[in-house]
Chemist: 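A single structure is presented below for examination.
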Amino acid sequence: MISLYDTARQKVVPLELRDPGKVSIYVCGPTVYAPPHIGHGRMALVYDILRRYLLWSGLDVTFVSNITDIDDNILKRAEEEGRPWDEITVKCEGIWWQGMERINVMRPDLTPHATEYVDGMVDLIGRLIDIDAAYITSDGVYLSVSVVPDYGLLPHQSLDDLVEGAGERELVGIEKRHPADFVLWKLAKEGEPSWPSPWGDGRPGWHTECVVMSLDLLGEGFDLHTGGLDLTFPHHENERAQAVALGHKFANHWMHNGFVELEGEKMSKSLGNVKNLLDLTEQYDQRAYRLLVLQAHYRSPIEITDTSMTQAEASLDRLDTFARRTASLDGVSRPDDIDAFRQAMDDDLNTSGAVDLMFRLVREANTAIDSGDEQAAAGAAATAREMAATLGLEFETSSDDVPAEIQALADQRQAARAAKDFAKSDELRDELAAAGWTVEDSADGPVLRPN
RNA sequence: GCGCGGGUGCCCGAGUGGUCUAAGGGAGCGGCCUGCAAAGCCGUGAUUCGCGGGUUCAAAUCCCGCUCCGCGCUCCA
């Protein structure tokens, strides 16, 4: 079974499954008020890779990722743009899925929307009030964190330290009993969207949304709760606090991915606007970002630069060339290499090690082809392909259809070569290059591909 | 200030006590192949892993101190 670093226990431990053979995963999804940036992209890629690997391992994975479609940021944006809030969420969600598709992230099995779960949230808040874990103020309902004995588990800081660190910031709402108490229900102001509740019309707090959706869809003690590093506190801690206050077992294991760094001087200069995920996929090979994410450990920070993206594209060219050369070979994966792959992935998702194995097989297959050993090449190639597929990396094997005029040029060049008129053949090769096509003289004759 | 990560070759980045004379990718250089290229293959590159101490027969890997970067303590993937 896979082992993963658990934020709560601060070490790599095996992922224990509540139900044998089944994995339940909750990923904190986006708040849809702006287009996804590259940080969202990394988050989605990391858990997509985890999910694909678990599926490949034969596990029955239930992968839930929510859409936060009611939130202060959304209302703020609506106000700024003078548009209805739900127009923004619908539009931004569409863009989100578009971005996910471009980076080849599988759709979650379930995508609960916060607005569809308000009844459940009201119910949960009511129960918290019933046991005095939550209290009503003039602007909403708050959770009393002091009822949670181990509050601070995820950030590994005591309640006192958390409060102290906040410094001069106004953590204490006028009516809050403790500075760290957080809002469960916000009473609506004039003109704000609202849902009915016993404490007045309003909307749920962010932390309440996720705890209700995850428990509703995955049940108590689900296996894995994930998200970006920044969600550890307060978001995840506060979700947990609500569940714990009600005596529910919450997530069994917490996984957080590292950040994408983009404030570097080099970066902002060379990348410009590329903080936006869609822009990134337009400027570079859509697979390049996944490869970069795979080559780093998921908890390490990564820096995305024009250089790193270009390097990833060069690596992809190598992989595509490999795929083209081995497309006609039919082999089966080699168990020893697959075991090594599994071992790497099971070790806290060592994707870099897995990619390493894949590239070694690519070289092995290339070498075997060069020496004419098709059988060895087929085995290595099949193994590399299986690894790539598991990691969500696709190869481009079929080159685009060659236009007739390009083919004609290539034919002329071949005729010139046959006639040993190399000056002419080189001229024609330059012409092809100018038209966007590279010609390679392989053992099987010239091969055309877009350059 | 407190907590959590990270600092490895020209670049990106694995490796967490001996098999490290430190993976893999990219870039460079040399070679094989080729009419020449491209692609592919081979070779080459850190006597060293932020800095300073320490533990050990043995450390990139463990401990202590320092330093730099990021994240959290406030909405945030």
Chemist: Please list, chain by chain and in numerical order, all residues satisfying side-chain contact (heavy atoms from CB on, under 4.5 Å) with A/A288, sequence neighbours excluded.
Modeler: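 A/A288: side-chain contact (heavy atoms from CB on, under 4.5 Å) contacts with A/D285, A/M309, A/A312, A/E313, A/L316.
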Chemist: Hey, is A/F233 stacking on B/G72? Ring centres under 5.5 Å, planes under 30°.
Modeler: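 A/F233 ring does not meet the centre or angle cut-off for B/G72; no stack.
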Chemist: For A/P234 and A/P30, take the nucleotide of RNA chain B holding the closest heavy atom to each; which residue's nucleotide lies nearer the 5' end?
Modeler: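 Closer to the 5' end of RNA chain B: A/P234.
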Chemist: Quick one: the side chain of A/N257 and the base of B/C71, do they pair up donor-acceptor inside 3.5 Å?
Modeler: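 Not at all, since no donor on one side and acceptor on the other fall under 3.5 Å apart.
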Chemist: Look at the side chain of A/N350 against the base of B/G15 and say whether a donor-acceptor pair falls under 3.5 Å; ignore hydrogens and angles.
Modeler: no
Chemist: For atom C1', what is the distance between B/U8 and B/C20, given to the nearest Å?
Modeler: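 The same atom, C1', in both gives a distance of 12 Å.
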Chemist: Ignoring hydrogens and geometry beyond distance, is the side chain of A/Q157 in donor-acceptor contact with the base of B/C2 at under 3.5 Å?
Modeler: yes
Chemist: Where along residues 355-373 of chain A does a heavy atom fall under 4.0 Å from RNA chain B?
Modeler: A/D356, A/F359, A/R360, A/R363, A/N366, A/T367, A/D370
Chemist: Nearest to the side chain of A/T31, heavy atoms from C-beta on, is which of B/A77, B/G40, B/A14?
Modeler: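 Per side-chain heavy atoms of A/T31, the pick is B/A77.
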Chemist: Let me spell it out: for each of A/T321 and A/Q311, pick the nucleotide of RNA chain B with the closest heavy atom. Which residue's pick is nearer the 5' end?
Modeler: A/Q311
Chemist: Select base, sugar-phosphate, or nothing to describe what A/R417 touches, counting heavy atoms under 4.0 Å on all strands.
Modeler: base
Chemist: Students often get this wrong, so: under 4.0 angstrom with heavy atoms, is A/E313 touching a base, only sugar-phosphate, or nothing?
Modeler: nothing
Chemist: Of the nucleotides B/G3, B/G26, B/A38, which one has an atom closest to the side chain of A/S315?
Modeler: B/G26
Chemist: Report the nucleotide, chosen from B/G35, B/G26, B/A77, that has the shortest atom-to-atom distance to any side-chain atom of A/F259.
Modeler: B/A77
Chemist: For a quick check, tell me whether the side chain of A/H256 and the base of B/A77 share a donor-acceptor pair closer than 3.5 Å.
Modeler: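 Answer is no: no donor-acceptor pair is held.
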Chemist: Once you measure the plane-to-plane angle for A/F233 and A/Y151, does it fall in the parallel (<30°), tilted (30-60°) or perpendicular (>60°) bin?
Modeler: perpendicular
